[in-house]
2 protein chains.
Amino acid sequence: MPKRLICPFGQNNLLHTLSAADRTLIEPHLQHVDMDRRMVMEGPNKPVEHIYFLKSGVGSTVASSESGRRIEVGLFGCEGMSGTSVVLQTAHSSFEVFMQISGEGFAIEADKMRGLLEQSPSMQRHLLRYVQTLMTQTSQTALSNGQCKLEERLARWLLMCHDRINGDVMELTHEFLSVMLGVRRAGVTVAIHMLEGKGLIRARRGEIVILDREGLENDAQNSYGVPETEYARVIGFDRPDA
Amino acid sequence: MPKRLICPFGQNNLLHTLSAADRTLIEPHLQHVDMDRRMVMEGPNKPVEHIYFLKSGVGSTVASSESGRRIEVGLFGCEGMSGTSVVLQTAHSSFEVFMQISGEGFAIEADKMRGLLEQSPSMQRHLLRYVQTLMTQTSQTALSNGQCKLEERLARWLLMCHDRINGDVMELTHEFLSVMLGVRRAGVTVAIHMLEGKGLIRARRGEIVILDREGLENDAQNSYGVPETEYARVIGFDRPDA
DNA sequence: GTCTGGGTGTACGATAACGCACTGAAATGG
DNA sequence: CCATTTCAGTGCGTTATCGTACACCCAGAC
């Protein structure tokens, strides 16, 4: 049976799972925004100005070193948010966070968010618990980067992305994936052919379609699943209202 | 000029940098403990029972997947603490956390810690800011695992460990390092010889001595330094008292 | 229609690690 | 002191990925 993060597409699950009181508190401050591909939500060593809760689309957190190496360390969609450093009470982010796949979301000013966190311990608690799942995700990424073959890492990435989109079609170029995974573009092409050869995906120009999700999970060799399970446990998908 | 996390050896810097009021609050609950190598501070999918603030020694956070792959995703000494999932308001940890290099520390029961966090927003804020530096560390580990050669990763690891010990001598076996870095034991042996050949370290049976810290930082090619700088900024090393 | 550029397929030698296996040296413990 | 265990050094064929390079294909622009 396939595991999967059941993302309530078209609404943000972090907001959805807030208590009624907290939702009432935050809603007046949320502005609807279109989030286009490549839109930058925060930048390294810059103060976070806005926090974004996605309703659709996928965002990516990329770490970099002074020597210009880059790699994706986190990914989120309608289950998550940007701006976790505000939740952790530091103004700055060490990472670049930007949109990978266009979508829509809600923005809130960082200062307002800080005020709400102070005002509502339950909201703070909720978002802190989300941060924990993010840490788990990043840790599993570190594990994956250190121990898995490219094919496996690609399978994992596609699964995580698939969880966060509506349907089975993703608009992605090999070039783009190579940046996320921190490998050669040509390497991605080969890995994609492997997965395609096994009938797990279909690749077209600028597009990858998931054909066999369960097969992909198998191929990912358990490098998928840990943060997803944790998310279901610590956040869940139901409104807490009685 | 070498960068370096200046760890106030022999006391815990997170406790040291608390406000006087918060120190008064937490001190009655702290129990002094000897922390031997291999001592387990928390285990995967188990509730955290105690939180440890190290005064000396080094602890390690290891992520694992169902298929048994393991790799270190974080490391801390007298600058940090275990049990961050309590700070993030989830009872459980996804990781195994254990001592790598024996030392001493303070233990506090998880429930008491939760109470203190609720009671003192400033203490919570302080520890949350520490969590942010940990996230940065894990992210840089993910970057390092994905993009750097073994020699570079080893240099980074040795630097991080060096920051957290007193002096330049570390008791470590190749076997042990191979687990931390997620590579073959024989690979570690070769990498150590590289660094030794450059005169950066000296290796004996079960022991590595740092000879040229600045040279090591050079060798690590900027894969060292980001979380260390962030720690200095968000936590610092001075008491906040006026 | 042709041009142009982004995206993809492919090749090939080089390199970093791997898995495995065996040896020897140093510590430990009766 | 000798037996045992732990740790380190080394070799060798194999594999994954790299760097680089080039040709092709498709979509939109002119």
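Convention: sequence-line order gives letters A, B, ...; per-chain numbering from 1. Just so it is clear, the structure is predicted and the values come from calculations on it, not from any experiment.
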Which comes earlier along DNA chain D counting from the 5' end, the contact point of B:Leu172 or that of A:Cys148, where each point is its nearest nucleotide?
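Looking at DNA chain D, the more 5' nearest nucleotide goes with B:Leu172.
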
Comparing A:Arg184 and B:Val190 on DNA chain D - which has the more 5′ nearest nucleotide
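Counting from the 5' end, the first nearest nucleotide belongs to B:Val190.
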
Quick one: label B:Ala203 by what it contacts on the DNA or RNA (base, sugar-phosphate, nothing), any heavy atom closer than 4.0 Å.
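No contact.
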
Using a 4.0 Å heavy-atom cut-off, does B:Arg153 contact any base of the nucleic acid, only the sugar-phosphate backbone, or nothing at all?
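No contact.
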
Could you list the residues that satisfy salt bridge (Lys or Arg N to Asp or Glu O under 4.0 Å) with B:Glu207, not counting sequence neighbours?
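B:Glu207 satisfies salt bridge (Lys or Arg N to Asp or Glu O under 4.0 Å) with no residue once adjacent residues are dropped.
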
Could you tell me the separation between the [atom1] atom of [X] and the [atom2] atom of [N], rounded to a whole number of Å?
| X | N | atom1 | atom2 | result |
| --- | --- | --- | --- | --- |
| B:Ile71 | C:dA17 | CD1 | P | 13 Å |
| B:Leu181 | C:dC18 | CG | P | 10 Å |
| B:Met194 | C:dT15 | CE | P | 12 Å |
| A:Leu177 | C:dT8 | CG | C1' | 13 Å |
| A:Glu171 | C:dG6 | CD | C1' | 14 Å |
| B:Lys149 | C:dA14 | NZ | P | 17 Å |
| A:Asn145 | C:dA16 | CG | C1' | 17 Å |
| B:Leu150 | C:dG19 | CG | P | 13 Å |

Pairs touching residues 33-49 of chain A that satisfy side chain to side chain donor-acceptor pair (under 3.5 Å), sequence neighbours left out
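Non-adjacent pairs meeting side chain to side chain donor-acceptor pair (under 3.5 Å): A:Glu42-A:Ser93.
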
Plane angle bin for B:Tyr231 and B:Phe237 - parallel if under 30°, tilted between 30 and 60°, otherwise perpendicular
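If you compare the ring of B:Phe237 with that of B:Tyr231, the planes turn out tilted.
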
Range on DNA chain D touched by chain A, heavy atoms, distance below 4.0 Å:
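On DNA chain D, the outermost contacted nucleotides are D:dA16 to D:dC26.
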
Between the two ends of the helix from C:dG1-D:dC30 to C:dG30-D:dC1, what is the bend in degrees, rounded to 10 degrees, where each end axis spans five pairs?
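Answer for the end axes of this duplex: 30°.
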
Could you say whether B:Gly187 or A:Arg185 is positioned toward the 5' end of DNA chain C, judged by the nucleotide with the nearest heavy atom to each?
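So the residue in question is A:Arg185.
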
Between B:Arg69 and A:Glu152, does any NZ, NE, NH1 or NH2 come within less than 4.0 Å of an OD or OE carboxylate oxygen?
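The answer is yes: the pair qualifies as a salt bridge.
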
Check A:Arg164 with A:Glu79, please: is the shortest side-chain N to carboxylate O separation under 4.0 Å?
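Salt bridge present between A:Glu79 and A:Arg164.
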
Counting N and O atoms only, with roles assigned by atom type, does the side chain of B:Ser56 sit under 3.5 Å from a partner on the main chain of B:Glu104, one being a donor and the other an acceptor?
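Checked: pair present.
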
Applying side chain to side chain donor-acceptor pair (under 3.5 Å), name anything that partners B:Thr136, two or more places apart in sequence or on another chain.
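Partners of B:Thr136 by the side chain to side chain donor-acceptor pair (under 3.5 Å) criterion, ordered by chain and then number, come out as A:Ser94, B:Glu230.
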
Would you check if A:Thr141 and A:Asn145 make a side-chain contact, meaning some heavy-atom pair closer than 4.5 Å?
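Sidechains of A:Asn145 and A:Thr141: in contact.
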
Got a sec, which pairs hit ring pair (Phe, Tyr, Trp, His ring centres under 6.0 Å) with one end in residues 201-223 of chain A, sequence neighbours left out?
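As it turns out, there is no ring pair (Phe, Tyr, Trp, His ring centres under 6.0 Å) pair with a partner in residues 201-223 of chain A once direct neighbours are skipped.
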
The side chain of B:Arg205 lies closest to which of these nucleotides: C:dA27, C:dT8, C:dC18?
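The answer is C:dA27.
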
